[in-house]
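These notes are about the structure you will find just below.
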Protein chains: 2
Amino acid sequence: MRHKKFTYKMAYAKTDLFDHKLNSTAVLFKALAHPARLAILQYLAETKVCITGDISDELPLSRTTVNQHLTELKNVGLIQGTVDGVKVNYCLNPEKLKEFSELATSFFEEISRQTNIECK
Amino acid sequence: MRHKKFTYKMAYAKTDLFDHKLNSTAVLFKALAHPARLAILQYLAETKVCITGDISDELPLSRTTVNQHLTELKNVGLIQGTVDGVKVNYCLNPEKLKEFSELATSFFEEISRQTNIECK
DNA sequence: AATTTATAACGTATATTTGCGACATAAAAA
DNA sequence: TTTTTATGTCGCAAATATACGTTATAAATT
């Protein structure tokens with residue numbers, strides 16, 4: 001235990017106690033932490049044409065759930081949706097995608113720099 | 001709704017319905033989806049010397065919670081722990097780290113291939 | 001105007017994650 | 001041997017995540 005000066009009783013969500021960049025990176029990884037969301041991204045990448053939300057026909061999930069995942073991806077900016085009458089055309093956001101890719105890559109590079117570690 | 005032939009009543013954890021590689025990738029991202037775990041990895045990378053579990057002194061979290069995060073990282077193979085008497089020396093697993101890095105990179109590349117998408 | 005279609009929003013149930021204190025264990029030190 | 005030290009395990013509480021049905025809304029179609 002050795003004298004912790006932190007005595008919060010609240011549980012969970014202590015993300016504000018960490019470095020800003022670490023949080024951003026974690027948020028990025030969290031957005032990609034579900035196969036459905038990865039599948040959605042892949043689907044949007046394959047069908048170059050922007051596709052409406054009925055991606056649910058391609059996934060073993062209900063429309064509601066897919067919509068929820070879409071919203072999550074939209075919240076982090078990985079995809080965009082433009083309204084077209086009743087429909088919504090979704091597509092990838094290349095800029096954000098690149099930004100995220102670089103963030104992930106830099107994290108891996110940063111911690112992979114010293115590989116000469118021996119865990120005896 | 002358009003005629004879904006999926007009528008599971010069970011909620012949650014439908015990961016078995018997705019592609020194996022997608023699941024692996026999602027598991028990887030999930031392991032990195034918390035700032036504490038990222039901080040632990042960074043700490044282990046900085047202190048080249050393998051360090052014991054009292055990484056908790058470096059983080060605003062209790063020893064128990066840190067231990068939990070360490071276990072998660074151990075479960076996916078990102079870190080290793082070798083017993084040394086009462087202590088446990090933790091260190092990064094360079095191979096797994098590289099493997100994960102490549103998996104992430106290939107995913108990003110795969111979906112970033114076609115960037116000429118216009119979300120009109 | 002009534003119906004269809006596509007989405008989003010709301011509410012709910014369940015599973016998982018996060019966080020922690022308390023206790024157990026075992027090696028090392030006194 | 002008693003005490004200290006370092007870890008791990010257990011159980012609990014609270015917050016989130018996941019999944020889905022139902023309902024609401026609004027554009028398009030009939």
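The structure displayed is predicted, hence computed values, not measured ones. Just so it is clear: chains get the letters A, B, ... in the order the sequence lines come, proteins before strands, and each one is counted from 1.
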Note to self: Just the rounded figure in Å: distance from C1' of C/dG19 to CD1 of B/Ile55.
What the structure shows: 17 Å
Checklist line | A/Lys87 NZ to C/dT4 P, straight-line distance once rounded to whole Å | finding: 18 Å
Notebook entry, point to check: Looking only at heavy atoms, what is the nearest atom pair of A/Lys96 and A/Val76, with distance?
Noted result: CE-O, 3.2 Å
Check: Would you say D/dA19 has OP1 or OP2 under 4.0 Å from some side-chain N or O of A/His69?
Finding: yes
Item checked: Interatomic distance where CG belongs to B/Asn89 and P belongs to D/dG8 [whole Å] -> 11 Å
Item checked: A/Glu95 with A/Lys98: basic N within carboxylate O range, under 4.0 Å -> no
Notebook entry, point to check: Under 4.0 Å: is that the gap between some side-chain N or O of A/Lys30 and OP1 or OP2 of D/dA17?
Noted result: yes
Notebook entry, point to check: If every non-hydrogen atom of A/Leu92 is compared with every non-hydrogen atom of B/Ile111, which pair is closest and at what distance?
Noted result: CD1-O, 3.5 Å
Next item on the list: Side chain of B/Thr65 only, please: which of C/dG19, D/dA6, D/dC20 is the nearest?
Entry: C/dG19
Note to self: Heavy-atom nearest nucleotide on DNA chain D for A/Val86 versus B/Val86: which residue maps closer to 5'?
What the structure shows: B/Val86
What does the list of N/O pairs under 3.5 Å between the protein and nucleotides 8-12 of chain C look like, with a distance for each?
{"unit_1": "C/dA8", "atom_1": "OP1", "unit_2": "A/Tyr90", "atom_2": "OH", "d": "2.8"}
{"unit_1": "C/dA8", "atom_1": "OP2", "unit_2": "A/Asn67", "atom_2": "OD1", "d": "2.8"}
{"unit_1": "C/dA8", "atom_1": "OP2", "unit_2": "A/Asn67", "atom_2": "ND2", "d": "2.7"}
{"unit_1": "C/dA8", "atom_1": "OP2", "unit_2": "A/Tyr90", "atom_2": "OH", "d": "3.3"}
{"unit_1": "C/dA8", "atom_1": "N6", "unit_2": "A/Arg63", "atom_2": "NH2", "d": "3.3"}

Margin query: Output the rounded distance in Å from CD1 (B/Ile40) to P (C/dT18).
Written below: 11 Å
Margin query: Using side-chain heavy atoms (C-beta onward) and a distance below 4.5 Å, is A/Leu59 in contact with A/Tyr43?
Written below: no
Notebook entry, point to check: Which pair of heavy atoms, one from B/Ser56 and one from B/Arg63, lies closest together, and at what distance?
Noted result: CB-CA, 3.7 Å
Notebook entry, point to check: How long is the line joining NE2 of B/His34 and P of D/dT16, in whole Å?
Noted result: 11 Å
Item checked: Residues, nucleotides or ligands: over 12 heavy atoms within 6.0 Å of A/Lys74 NZ -> yes
